[in-house]
Every structure is written in C-alpha cells, then in structure tokens.
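Each remark here refers to the structure printed beneath this line.
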Amino acid sequence: MSLDLVIAGGTLATAADVFRADVGVRDGRIVAIGEDLGAARERIDATGRYVLPGGIDSHVHLAQPSGEGIVMADGFESGTRSALFGGNTCILPFCLQQKGHSLREALQGYHALAEGNCYTDVSFHLIVSDPTQAVLGQELPALVEDGYTSFKVFMTYEDLRLNDAEILATMDTARRTGALVMVHCENEDAIRYLIGRHEAAGEIAPRAHASTRPIAVEREATHRALSLAEITEVPVVIVHVSNGAAMEEIARARSRGIKVVGETCPQYLMLTASDLDGMDWEGAKFVCSPPPRNAAEQEACWRGIETGVFDLFSSDHCPFRYDDPAGKLNPKGRTNFRHIPNGIPGVETRLPILFSEGVMKGRIDLQRFVALTSTNHARTYGLADKGSIAIGKDADIAIWDPRETRTIRHADLHDGADYSPYEGLAVTGWPTTVIVGGRVMVREGALTGAKGTGRYVARARSHLSAPRPAATVGA
Ligand code: DUC
Ligand code: ZN
Ligand code: ZN
C-alpha cells in the first residue's frame, strides 16, 4: 500500500541517534524509516534540514482563570497556533480546580474551550486547589483512570497553596493511583513576610517581585516538597527550577533514591532579575514566579541542562498582555507589583531558543535537545505514542532549517500577548515545516492546516509511577 507522505533527504534525530533516512507516514502514523520508501501521495524534500520529533511542551497555561478583571492572553486557538509555529505538535495545559468546585466541572469547561479549536494535540494536567476527601478519595482516582494522570500542587499563591498536610494527602492519592505530582516550590509565608517588609519601605515597583521571592524561598520549598515525596514514596516533578541551590536539592534527593524529574524553562537561561527594573513599569513584562535570577544562576541552569539534573525544558507559557487593563497594567498592577499577574509568554520561542543557544552554541547535542523538548515529556507524562521518530508513533514531526537566522520580534509571533520577553534576541535555526498526526500544518513558515486538527489525548501513567496498595496508617 502506498504512503500518504514521505519526508525525504533529511537528517533524523531521536533522543538516542542522529542519522540520514526518509520517513514514511500512513494514516497519521510513522510506518517506515529507511531509503527508497517508494510512492507517496505527497513528498517533502528535507535536504539540508533536521527532521525531529515535534516538540511537546508539558507546561503551558491557557484560558486559566487568573483573578478578578484579569484575562489570560491565550485560549486554545491562539495558544496552540503559537505552539505550532514554534515547532510543537502537542502541549499540556493545566485545568484549574477552583476552591469549592469539583475537578470534573472544571474539566467539562476546559474541554469545551479546547474542542474544535486546537492546531496541536493537547492533553491536560489538573491543578488541585481544594483537596477535599471527596476529591482525593473518589474524584481524582477516577480521573487518573480516565487519562488525567498528573496533577500540580502549589506551595505559593494565597488562593492555590496547599499546606503540608494537604500536600501529603494529595501525594498519597498519587501513590495509590499511580499518578504523578508536579510541585510549584515557593514558600508562601516567607514571601508574605518579605512583601510586608518591602511595602513598609515603599518598595512596590516590579523589581520587588524578584526580591520578595529570593532563592531561599524556592530552595526551602523544594527541599520540603522532595521530603514530602520521600515520605509518601511518590515520584515527583519539580517544575520551573530557577537556580543552582534548588538543583542541588534535586541532586541530593536523587542520591537518596527519590524519583524526581527536574524542569527548567527559557526564562531561567535568558532573563535576569534586572529585567524587572525596566523603564517606568516595563519590568512588569518579566514578572513570573519563580523570578529570573542572575548570570551565575543562568550558568547553573545551563549546567543542569547539560548534565541531566533537568529532564524537561518547558515554556511555562502563561501569557498576559502588557498594555491592557486586563493584563500586566491593570489598575492595581500599575500601583503595586503584588497585583501584576504572574507569567510570561514563550510557547513559540522555547524551541528556537534552546536550539540556538544550546545546540548551535555547542552546549548540548541534537539528541539531548530532542530528549529535553519532546521524548522526556512523552515518557514522563505517559504520552505513549509520541516523543520520537519510530515505527508506530504518531507522525508528529518538525522539520528544522538549522541555517535560518531570525531576530525574535513579537510582531512575527502568533500568540495573543502584545510583547515577547525575548524581543530582539537573534537566533539561528527555526522549525519551518510542522506536521501533526501526518497533516502538514505549517509548510515553509505558512499556515496550511486547519483549526480543530489537534486532538485531545488521554494519557497513560508515567513510566515513573505504578499503583501501590493503600497506606496503612499508624503501622
Ligand atoms: N508562575 C506560575 O506558577 N504559573 C504560571 C506563571 C508563573 O509565573
Ligand atoms: Zn508554577
Ligand atoms: Zn506554570
């Protein structure tokens, strides 16, 4: 039987190998890898290009309720379109449980927003903000069975944070069900204390966001999260790690035998706290949590990328418009950093930044790039059909031109924000053709695919998790 698509003449990379071969696609899957694959309905010449597994961005926020009067800049349409143009074929946004409400209810609304609007495949993590007995005892276990196999808990943000008892109980549910817990590690009480001191001293500009969330706040919470994971015997993902001290906690936990996945993001490699100084209130554009640090911590994070402390490189895309009363410059945000919504856009620039700064500058090889941006996300989060170029996998492929040079300009990006934190950054290498499930969605930089092509994907359990018997309390 003939093929639907052949990608010919390119250099393929997986997390393990780089080699020359053609790729044959039929019915949305990779069915052949080799030479002279024969007839196909469509042929793409990838001579001089890299043929890579499509990016999987496992840390994205879309259409997330963000407080009164604040609106996230991307829903599923613009968010997945932006992801697609940045070489991604699947993203994992978060479905937020609001206090007093059920997770099912939140999921219904979230699915309704996604349905028919996606350019890439999507799957959802859950955010547990109200771990009642009913949620932990019935709802979450059923949702894990239904393919929502990971959930995030917060140690910061007044309306989201869980206390240690709640984190332990949530982790215990993960242990019993084989789910994976992701933890946002910052100590809210310490932040509150520092905010009080800053406000008393009249320090209320965006810069104070970084100084009220210093490294010690993240290091302490990271240590605590890892200790709670050790006590409950669950694997854990420490998300958006920004500095060397938190990395040391991860490395120490690993040496104690704890299964921990480390994640970092472009902002911790490319931005520093001095970006929050900005002219006037422009520093608000860089307000995210944890905040960017300094050059030494950037270097530490690069070392973590190179040496394996980090398994995941994600965007933490969390877009708000800057010049907008529903965004960074909301009426309260203009007067005090505490009211600036936390988060920056980056789903489209994640892969080009790591390719340019990492691969092209010789810090990592192509295999490691693929592992950090695709394969490890698929393995960690149970996307069994994704994350590699191999027979039987989904034909989710990004074809990269390693010679294309660009200067990042928000005007050229496809998200719903009104700025990029990386404006003016020169990069080498760009994903010029992007294929989702065998369909060419972007061809030589132009959109060719339709909204609604991207599907929702239910997930298996992480390779790190396995269901275990219930805990025997007091034994
Ligand atoms: N911090 C988060 O915890 N989530 C989204 C963005 C941010 O800055
Ligand atoms: Zn977070
Ligand atoms: Zn986040």
Scan side-chain atoms only and decide if [X] and [Y] contain a donor-acceptor pair under the 3.5 Å cut-off.
{"X": "S255", "Y": "R252", "result": "no"}
{"X": "D74", "Y": "H61", "result": "no"}
{"X": "D401", "Y": "T432", "result": "no"}
{"X": "H223", "Y": "E249", "result": "yes"}
{"X": "D57", "Y": "S315", "result": "yes"}

Fit a plane to each ring of F369 and F355, take the angle between them on a 0 to 90° scale, and name the class: parallel (under 30°), tilted (30 to 60°) or perpendicular (over 60°).
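Answer is perpendicular, since the angle exceeds 60°.
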In this structure, are over 12 heavy atoms from other groups packed under 6.0 Å from [X] atom [atom1]?
{"X": "R409", "atom1": "CZ", "value": "yes"}
{"X": "R379", "atom1": "CZ", "value": "no"}
{"X": "Y456", "atom1": "OH", "value": "yes"}

pair [X]-[Y]: side-chain heavy atoms closer than 4.5 Å:
{"X": "M171", "Y": "I167", "result": "yes"}
{"X": "Y419", "Y": "P345", "result": "yes"}
{"X": "F310", "Y": "M247", "result": "yes"}
{"X": "H410", "Y": "D415", "result": "yes"}
{"X": "F151", "Y": "M182", "result": "no"}
{"X": "F19", "Y": "I33", "result": "yes"}
{"X": "H125", "Y": "K152", "result": "no"}
{"X": "P421", "Y": "L271", "result": "yes"}

Passes side chain to side chain contact (heavy atoms under 4.5 Å, CB included), S66 versus F320? Steps please.
CA-CA 10 Å; S66 305; F320 298 97; 3.6 Å; yes
Ignoring hydrogens and angles, tell me if any N or O in the side chain of [X] forms a donor-acceptor pair with the backbone of [Y] under 3.5 Å.
{"X": "R350", "Y": "H317", "answer": "no"}
{"X": "H414", "Y": "E348", "answer": "no"}
{"X": "E299", "Y": "A296", "answer": "no"}

Do R49 and E444 sit within salt-bridge range, that is, some charged N less than 4.0 Å from a carboxylate O?
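Yes.
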What I want to find out is whether E218 reaches R293 closely enough, with some N-O distance under 4.0 Å, to be called a salt bridge.
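Yes, E218 and R293 are salt-bridged.
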Please lay out, stage by stage, how S78 and R81 fare under the test side-chain hydrogen bond (donor to acceptor under 3.5 Å, both in side chains).
CA-CA 5 Å; S78 61; R81 188 180 56 211; 5.0 Å; no
Matching residue for I435 among D396, T89, V25, I7 - test: side-chain contact (heavy atoms from CB on, under 4.5 Å):
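Option passing the side-chain contact (heavy atoms from CB on, under 4.5 Å) with I435: I7.
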Would you sort out whether F337 and V287 count as a side chain to side chain contact (heavy atoms under 4.5 Å, CB included), showing the intermediate values?
CA-CA 9 Å; F337 73 94; V287 165; 5.9 Å; no
CG/L413 to CZ/F85 distance, rounded to the nearest 0.5 angstrom?
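Here the rounded value is 10.5 Å.
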Going from CD1 on I127 to OG on S150, what distance comes out if it is rounded to the nearest 0.5 angstrom?
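With rounding to 0.5 Å, CD1 (I127) is 10.5 Å from OG (S150).
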Taking only residues two or more places apart in sequence or in another chain, which ones pass side chain to side chain donor-acceptor pair (under 3.5 Å) with H339?
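With sequence neighbours excluded, H339 shows a side chain to side chain donor-acceptor pair (under 3.5 Å) to no residue whatsoever.
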Could I get the full list of side chain to side chain donor-acceptor pair (under 3.5 Å) partners for T272, not counting sequence neighbours?
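So T272 forms a side chain to side chain donor-acceptor pair (under 3.5 Å) with S274.
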List the steps, then state whether side-chain hydrogen bond (donor to acceptor under 3.5 Å, both in side chains) holds for T149 with R459.
CA-CA 6 Å; T149 54; R459 285 178 289 119; 3.1 Å; yes
Identify the residue among H59, E263, H240 that makes a side chain to side chain donor-acceptor pair (under 3.5 Å) with S314.
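The residue from H59, E263, H240 that satisfies side chain to side chain donor-acceptor pair (under 3.5 Å) with S314 turns out to be E263.
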For the pair Y110 and F76, evaluate ring pair (Phe, Tyr, Trp, His ring centres under 6.0 Å) and give the outcome as yes or no after the intermediate values.
CA-CA 9 Å; Y110 218 49; F76 283 87; 5.0 Å; yes
